[in-house]
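In what follows, residues are counted from 1 in the order of the sequence shown.
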Amino acid sequence: MIPKVSVIVPVFNNEKYISKCLESILSQSYRNIEVVIVNDGSTDKSENVIKEYRQKDERILYLSQINSGPSEARNKGIVNSTGEYLVFIDSDDTVDKYYIEFLLNTMINSKVDLVCCGYKDYSKYGIIDHTDFNMEGNIPLNNLLDMICAGTGGVLWSKIFKKEIISKNNLRFNNNIYMSEDLIFTLEYVTHSRSFKSIKKYLYHYNRLNENSISANISIEHLENSISVCGNIEKVLNYVNYDKKKINNIITERIQNAVLNTADYLMSREKRKVPILREVLDIPYIKKCKYQFSTKKVIYKPYIFFLKKDFLMCFFIYGALLNKMKYFKYEFIGGGSSEKSLC
């Protein structure tokens, strides 16, 4: 019997990109798929676009809910899916024609529980081939955990999952987390899996051009979310007896990036940026990490030094200078990168 793959697509106000996303899914070389689209309370024309495609292709299962966030939308998709295998695709992204075929064939032929691939990063700086899984073939658990916790390794896309493992262990997305919820889900899935494999093909097309996406809108409100994510990461990694020093390094880097993102947000929007950032740095979870903040980039060393020493006015002045240098580089020199951390 030909196995069915369920493609889960949460949608929220994405009328600009949803057509290209669905076209890339419905034109897959592997035909036995169901496309589970969950409309998370969109107020634009996303629903109209989806319904047009549903009339054309009976493989689409359309579900809707009041706006509850991507976690609840994906959970609804999981519950209503009927395939033996699951892939998750964001509604502003697209995939290669052979995306599902290559992932599924690798999973079945290799008899593994998770298969990962690379992706093409589309941004205003161009297209970059990227992968966080730099080991082709079977991957040991600890190496996989290293890769998942680095860069974009913990995202749902560029992977194929077994529905059986998700159902048997009642794995669901945490509705209290609205960024990096996919990282926690992926880590939990891996702890219940036995074997993993990566393929060196760039089959997923990650769209950074959507300025309305959650990941494109960082604000101070994301700080509590980041702390919650770190707590969940610690819990999962301790459960599998992951190296304590590595856990500490992972948490410190994530907290550092969260603080720097918050500071960057405050820099241009808040007159009270210094006292607000001081309050942030006094949060116990952040405070225990702050003195371990570091960077290998010489130009950022003063930035981190000012932060660690609580010289916050100097920190913001230097940060403004760095931003001007970045602007000059991108506007007049050209080029860019897809780096995920600020330092």
Does the side chain of [X] reach to within under 4.5 Å of the side chain of [Y], using non-hydrogen atoms?
X: Leu144; Y: Leu114; value: yes
X: Phe196; Y: Lys159; value: no
X: Pro3; Y: Tyr85; value: yes
X: Leu183; Y: Val155; value: no
X: Val236; Y: Asn232; value: no
X: Val38; Y: Val9; value: no

Nearest heavy-atom neighbours spanning Ser71 and Glu181: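 Taking every non-hydrogen atom into account, OG-CG, 3.1 Å.
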With no hydrogens and no angle check, just 3.5 Å: does a side-chain donor-acceptor pair link Lys4 and Thr82?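 Per modelled atom types, Lys4 and Thr82 side chains form a pair under 3.5 Å.
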Hydrogens and angles aside, do Asn323 and Asp264 bring a side-chain donor and acceptor to less than 3.5 Å of each other? yes
Output for pair (Leu223 CG, Ser226 OG), nearest 0.5 Å, gives 6.0 Å
In Å, rounded to the nearest 0.5 Å, how long is the span from CZ of Arg272 to CG of Leu277?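 These two atoms lie 12.0 Å from each other.
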Please check if the side chain of [X] supplies one atom and the backbone of [Y] the other of a donor-acceptor pair under 3.5 Å.
X: Ser46; Y: Glu15; value: yes
X: Ser24; Y: Val95; value: yes
X: Ser81; Y: Ile78; value: yes
X: Arg31; Y: Leu26; value: yes
X: Ser68; Y: Ile66; value: yes
X: Ser91; Y: Val11; value: no
X: Asp92; Y: Tyr17; value: no

Give a yes or no on whether the ring-centroid distance for Tyr206 and Tyr122 is below 6.0 angstrom. no
Holding to side-chain contact (heavy atoms from CB on, under 4.5 Å), I want the full list of residues that pass it with Val274, two or more places apart in sequence or in another chain.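 side-chain contact (heavy atoms from CB on, under 4.5 Å) check on Val274 returns Arg278, Leu312, Met313, Phe316.
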Residue pairs, two or more places apart or on separate chains, that pass ring-ring contact (aromatic ring centres under 6.0 Å, His included) and touch residues 30-69: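 The answer is none; no pair qualifies.
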ring-ring contact (aromatic ring centres under 6.0 Å, His included) pairs touching residues 96-118, sequence neighbours excluded, are Tyr98-Phe102, Tyr99-Tyr204
For [X], side chain to side chain donor-acceptor pair (under 3.5 Å) partners two or more places apart:
X: Glu72; value: Asn175
X: Lys244; value: Asn238
X: Gln65; value: Asp40
X: Glu84; value: none

The criterion is salt bridge (Lys or Arg N to Asp or Glu O under 4.0 Å); which residues satisfy it with Lys120, sequence neighbours excluded?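 Checked Lys120 against salt bridge (Lys or Arg N to Asp or Glu O under 4.0 Å); matches are Asp129.
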Under the salt bridge (Lys or Arg N to Asp or Glu O under 4.0 Å) test, residues paired with Asp57 that sit two or more places apart: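 Partners of Asp57 under the salt bridge (Lys or Arg N to Asp or Glu O under 4.0 Å) test: Arg59.
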Applying salt bridge (Lys or Arg N to Asp or Glu O under 4.0 Å) as the test, list every pair that has at least one member in residues 93-108; sequence neighbours left out. none
Listed once per pair and sorted, the salt bridge (Lys or Arg N to Asp or Glu O under 4.0 Å) pairs that draw on residues 310-323, sequence neighbours left out: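 Residue pairs with at least one partner in residues 310-323: Lys290-Asp310.
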Which of parallel (below 30°), tilted (30 to 60°) and perpendicular (above 60°) describes Phe311 and Phe306?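 It falls in the tilted class, 30° to 60°.
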Over 60° means perpendicular and under 30° means parallel, so tell me whether Phe173 and Phe185 are parallel, tilted or perpendicular. parallel
Hydrophobic cluster identity match, Ile160 and Ile2, side-chain contacts under 4.5 Å: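 Yes, Ile160 connects to Ile2 through the hydrophobic network.
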Pair listing, side chain to side chain donor-acceptor pair (under 3.5 Å) test, anchored in residues 105-118, at least two apart: Ser110-Lys197, Asp113-Lys162
Show your reasoning for whether side chain to side chain contact (heavy atoms under 4.5 Å, CB included) applies to Ile165 and Asn169. CA-CA 6 Å; Ile165 292 176; Asn169 297 285; 3.8 Å; yes
